[in-house]
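To start, the structure under review is shown below, and the notes come after it.
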Amino acid sequence: MAEARPRPDKIRCDACPVMCFIADGKVGACDRYANQNGRIIRCDPLTVLDRRIASGGEVKPFLKADWDGKLAAGDDLFVTAVGSGTTYPDYKPAPFLVSRDVDGVDFVTVVTEAIFSYCGVKVKIDTDRHLGAEGATIRCRGEAVGLMITSEYGSQMMSLGGVDHLTGGSKPEGRVTCDALMRLCNRESVELAVDGGASVVVQAGQPPIVDGTKEERMRVGCGSATIGMFAAQWDGLVDEVVVVDDHITGVVSEHQAGKVLGWPDTGIKIKGRRSTPGRYFQVAEPGLGWGGTDIQDPLTILGDWNPKKGARPGMTLLMVSTTGEQFGFYILDDNLVPQSRPLPETLKPSVDLIEENCEPALCTVMFMGGAGGSLRSGVTRNPVRLTRSVQQRKTVVTCGGAEAYVWPGGGITIMADVTQMPDNAFGYVPTPAIVAPLEFTASRDEFRALGGHDASVRPVEDVLEHGGEYGADVRAVAPKPIKT
Ligand code: SF4
């Protein structure tokens, strides 16, 4: 009788191109797979969203050992790709192809942890403070990981990661980029430095910390919009109001809102480029001061007051920032020079109203990736049919159960809010690339029509009882509350 061959010390993980050899009891290079008694297992359990938990129902850990075999209705449970494992190379069916009955219709969800080389995050940071010039390089631990992109209304925007930073630069650049992306997607904090700008600590769902100061409020609007919103609140209480803003500084006596109210001229002079009446660009340089400018003293944006156009001693002036955090009240002296005075009680409610209308400042992290590559082969033998089905909205794409926005046009380019996903939904492989959960859901008929791997489809009961190729542990969590 032939002798049994001694078990090799290490076995190979084939879940990604790195192909680690892993010794018994050890984990591979990505910490996601381990060798347990000579078998490659996925270290994290498969995550199932259980809507009964969200609605206050019974919390049932679907660990195989604990599960009593009873199932809720199919639409209560959603098998996410978190912990599902990866297939490599991609022509193999995805790790889980799960069928479930929803309102009498048979649906298939294809579940895989996808390896993304073409991916990154778009970060929206609610702040007026100037973080850096558009196009400026953003660094993490000294490595270039992205750039500042066009500001949005009340927010500064970053584009981080992408294939050029992951694969096109030096090894450290790729490694640091991958690590920063994974931590941001897992809702951890990451410190970033903008060339020629600020340092900012970013964490999804949390306020940004700019140069060590936590941002409290998102501005109510630009200076012109603030005048438009609150001009009537100031009418009759003060002679002039200036809302200081890096983008559009507003002046009530000149602004259309003031004109409609019959506001008299004041002879005020604003330094800056006049756009339209009562709206001024470039009153100062961008910075961390009033309204996202670099000024600490708002009077520096004023020129001489003109008595021929209405300026007179005793005239009152309110200057306020777009968040209401900074304000000053002044009275023109005999030489028409503004002198600082305490804010009158009558004006406090209007300043408070600006503050009250500011929303909390938050960081938003949107994962963005291209799912139009080889991973489609884990769904179908004819990948373009999946692309077409997604574009026709016959197949729904989710990331860890979170709804994904699919960009129009070619391919399957998705964007998803990381705060809507289960904890630690993202991983990495040291190629370097990000591992993200991805689910495609279609009716069984559509799945068959697009050439899906129908023979590999298993009922959800079977998945819960037997797990998959890389293990059987399953955890149930509540879906994230839908943002309103
Ligand atoms: S990096 Fe991870 S997934 Fe890739 S072969 Fe190694 S253990 Fe497996």
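For ligands, and for the atoms within them, numbers begin at 1 and follow the listed sequence.
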Self-check item: Nearest heavy-atom neighbours spanning Ser199 and Glu191
Solution: OG-OE2, 3.2 Å
Quiz prompt | side-chain hydrogen bond (donor to acceptor under 3.5 Å, both in side chains) partners for Asp454, two or more places apart | solution = Arg444, Arg448
Quiz prompt | Under-4.0 Å salt bridge between Arg129 and Asp211 | solution = no
Quiz item: So which pairs with a foot in residues 352-368 pass salt bridge (Lys or Arg N to Asp or Glu O under 4.0 Å), sequence neighbours left out?
Solution: Arg217-Glu355
Exercise. Would you list the protein N, O or S atoms within less than 2.8 Å of atom 4 (Fe) of ligand 1, leaving out water?
Key: Cys16 SG
Practice problem: Only one of Ile149, Val365, Val194 passes side chain to side chain contact (heavy atoms under 4.5 Å, CB included) with Met158; say which it is. | Solution: Val194
Exercise. Return each pair, listed once, that meets side chain to side chain donor-acceptor pair (under 3.5 Å) where at least one residue sits in residues 396-413; pairs must be two or more places apart or across chains.
Key: Thr398-Glu439
